Amino acid sequence: MAPVIPGFDYQRVPVADGVSLNAAVAGTGTPIVLLHGFPQTHLMWRHVAADLAADHTVICPDLRGYGTSDKPAATGAATYAKRTMAADIVSLARVLGHERFVLAGHDRGALVAFRAGLDHPDAISHLACLDVLPTLDMWEVMHGTTAAVGFHLYLMAQPPGLPEQMIAASADAFFGHFLDVWAGDPQAIPADVRTAYLDASRTAVTSIVADYRASASIDVTHDQADRDAGNRLRMPVAVLQQDWGAALGFDAAALWSAWAPDLRHSSVTYGHFMAEEAPTEISKALRDLLTA
């Protein structure tokens, strides 16, 4: 049986036509929605969620296309556009009775959170993004040999067919690679959770690739339109990320400041899977954000 977050109730919540999300919910108080990254599920928040549930309503969904949430066929780029996935999350919160909420995301979930903050500013009171750059900025800073660290971005950006075939042929090795090389502390992802991540990813190759493919097309278009229009995140924003800039030659805080006038940016020393490697620090950062 797949692991769960102890003390959380699990629900399937309809959020769009033919799409329901699996969500773990617990606690009472100010609602906080936590969005997972790749190649993970809502389980990545297990420690942080349990801590926050002591005095908040905590909602941890599997994103569209991930975990045990629905995985609609990509009939076009919009199916897995971050705009579509962000609308899922706002709908999820509303179905659960919350018109306004705190939103935190890691990796892919942070891109969904970023888009939700731009598209639904009245619904998002505070925003936290962990270890990611906005999509448009990410593509602009990736260049030369340093871009090799993002080989998966280029692979999954290719037209449908080859990426799915290649990844499905060796799914555990592909997804396990990122769990291994991105972890600062491999012990932070125990064997049962790692197995759950691999099982979930192995059965979601097509939708995961569609999510990444959207980030090389429609998501860039949406970000560029917001940049051109001068749209910014209106709410207090916290960003925690590894210091990629030292290796790739950019100033992450400056890039984020262009989107978020009310920004708290921190460079961290722990690995990519920070909610699992340093849950106490992440919980504190989210609580500090709520005082803004």
Side-chain angles (χ1 to χ4, degrees), residues 37-40 74 77 80-83 85-86 105-115 117-118 127 129-167 173-184 205 208-233 237-261 263 265-274:
F38 162 93
Q40 300 161 289
Y80 286 93
K82 302 309 149 298
R83 173 158 288 163
M85 297 171 79
H106 171 257
D107 189 82
R108 307 304 295 173
L111 299 180
V112 176
F114 172 78
R115 177 45 53 190
L118 288 171
L127 179 67
C129 294
L130 275 57
D131 218 30
V132 78
L133 288 176
T135 300
L136 182 59
D137 296 291
M138 177 194 70
W139 287 115
E140 289 178 347
V141 302
M142 299 284 283
H143 57 83
T145 57
T146 57
V149 301
F151 78 94
H152 60 300
L153 303 174
Y154 296 91
L155 171 63
M156 290 190 274
Q158 302 309 308
L162 183 61
E164 292 86 347
Q165 292 176 35
M166 292 177 64
I167 294 169
F174 180 78
F175 295 113
H177 166 80
F178 301 102
L179 294 174
D180 293 336
V181 302
W182 288 349
V205 170
I208 291 174
V209 173
D211 166 35
Y212 273 86
R213 185 175 289 122
S215 284
S217 56
I218 194 169
D219 294 342
V220 174
T221 300
H222 292 158
D223 280 9
Q224 187 66 60
D226 278 311
R227 178 187 283 179
D228 292 345
N231 294 334
R232 299 293 182 265
L233 296 164
V237 176
V239 174
L240 290 83
Q241 60 190 138
Q242 300 175 89
D243 188 9
W244 308 344
L248 300 181
F250 63 87
D251 183 339
L255 294 176
W256 271 105
S257 293
W259 291 102
L263 176 69
H265 185 278
S266 300
S267 295
V268 301
T269 56
Y270 22 89
H272 178 64
F273 302 114
M274 54 188 66

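FYI, the numbering just counts along the sequence from 1. Just so you know, these numbers come straight off a predicted model, no measurement behind them.
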Of all heavy-atom pairs between [X] and [Y], which one has the smallest distance, and what is that distance?
| X | Y | value |
| --- | --- | --- |
| Leu233 | Leu118 | CD2-N, 3.7 Å |
| Tyr270 | Met274 | CD1-CB, 3.5 Å |
| Trp259 | Asp226 | CZ3-CB, 4.0 Å |
| Ala113 | Gly105 | CB-N, 4.3 Å |

side-chain hydrogen bond (donor to acceptor under 3.5 Å, both in side chains) partners of [X], counting only residues at least two apart:
| X | answer |
| --- | --- |
| Asp211 | Tyr66, Lys82, Arg108 |
| His265 | Gln241 |
| Glu164 | Arg213 |

With a sphere of 6.0 Å drawn around CE of Met142, does it hold more than 12 non-hydrogen atoms of other residues, nucleotides or ligands?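 Yes, enclosed.
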Report yes if the side chains of [X] and [Y] come closer than 4.5 Å at any heavy-atom pair, otherwise no.
| X | Y | value |
| --- | --- | --- |
| Trp139 | Asp219 | no |
| Tyr80 | Ile218 | no |
| Phe273 | Asp107 | no |
| Leu240 | Asp131 | no |

Aromatic ring proximity His152/Trp182, centre distance under 6.0 Å: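 Close enough - the centres of the two rings lie under 6.0 Å apart.
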With ring centroids as reference points, do Phe178 and Phe151 lie under 6.0 angstrom apart?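 That pair passes the under 6.0 Å test.
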Applying the side-chain contact (heavy atoms from CB on, under 4.5 Å) test to Pro163, which of Val205, Ile208, Val209 qualifies?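 With Pro163 as partner, side-chain contact (heavy atoms from CB on, under 4.5 Å) holds for just one option, Val209.
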